[in-house]
Amino acid sequence: MSLDVRRRSASERREALKEVLAEARACTRCAELAATRKTVVFGAGNADAELMFVGEAPGASEDEQGLPFVGRAGGLLNTLLAEIGLERSQVFIANTLMCRPPGNRDPQPIEIDNCHEYLLRKVELIQPAVICTLGNFSTKLLRGDPTGITRLHGSPEVLVLGARAVRLYPIYHPAAALYTPRMLETLREDFHRLPELLALGAPEQPSFAEVPEPAPEPAAQPQAHAAGGERGLEAGQLGLF
Ligand code: SF4
């Protein structure tokens, strides 16, 4: 990732995001996940979104459809978004892992590590002001700290991710709140604070001198646009607009 990413236009960043998508669709860094997935669930939404959500990993429905949060948890996320006057087309939704762990097992640390660089590249290209982490996995990953969501939910903080300073806002995962009324109530309260956080805008960005050198980009993958055996997904179908 070039350090001049912040100077690129929205359309240049969107095109670069499509290149990351093409790389991701051919990714085999996690051998087991690459062998068992049906699709790479890259993320969906507005490529220039102010608000980005980061969940855990795709489930069966997401793996089938190639889109994040399409099951009941996705329905709840849509409802909460509507309650604060937003639609999915205005936000970007991603996960810490882009491939479904078989049997919905927990992501393994090595798999989270493998996929982390893709997530940072998305953050740098989309340039959100607020990143809302959904549940423990994404909160611990992006904060680089084992403190759990029960202690952190509803407490925003400014963090630098890659070359981007964002307001990180951990909340409960909608899937966890589906069957626990008290957790749902807390999730809703936290969610309803998002507009005031968004109104603050992006935090002050680090100067280029302060931005650490990025990790080297992965070697070019063969068949970047035609991952064998995977359902074809064009960038347009991912709502990158
Ligand atoms: S989870 Fe991420 S790093 Fe692992 S194979 Fe899938 S796309 Fe690649």
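Treat the numbers as computed from the prediction; the structure is a model and nothing was measured. The residues of the chain are indexed from 1 along the displayed sequence. When reading the values below, keep in mind they use all heavy atoms of this one structure, side chains included, and skip hydrogens, waters and symmetry mates. Just follow the structure's listing: the first ligand is 1, and inside any ligand the first atom is 1.
Under the side chain to side chain donor-acceptor pair (under 3.5 Å) criterion, His116 pairs with no residue at all, not counting sequence neighbours.
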Show me the side-chain donor-acceptor pairs of residues 172-183 shorter than 3.5 Å, one per line, residues at least two apart or across chains.
unit_1	atom_1	unit_2	atom_2	d
His173	ND1	Ala175	N	3.0
Tyr179	OH	Arg72	NH1	3.1

With a 3.5 Å cut-off and sequence neighbours excluded, list the donor-acceptor pairs that the side chains of residues 159-171 form with protein atoms.
unit_1	atom_1	unit_2	atom_2	d
Arg164	NE	Pro128	O	3.1
Arg164	NH2	Gln127	O	3.1
Arg164	NH2	Pro128	O	3.2
Arg167	NE	Gly201	O	2.7
Arg167	NH2	Gly201	O	3.4
Tyr169	OH	Asp190	O	2.7

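Within 6.0 Å of atom CZ in Arg105, more than 12 heavy atoms from other residues, nucleotides or ligands are found, so the atom counts as buried in its surroundings.
When each of Glu111, Arg37, Arg29 is paired with Cys99, the side chain to side chain contact (heavy atoms under 4.5 Å, CB included) condition holds for Arg37 and for no other.
For ligand 1, the atoms lying closer than 4.0 Å to a non-hydrogen atom of Arg37 are 5 (S), 6 (Fe).
Geometric assessment of Lys122 against the ring of Phe42 yields a positive cation-pi assignment under the 6.0 Å and 45° thresholds.
With a cut-off of 2.8 Å, the protein N/O/S atoms near atom 2 (Fe) of ligand 1 add up to 1.
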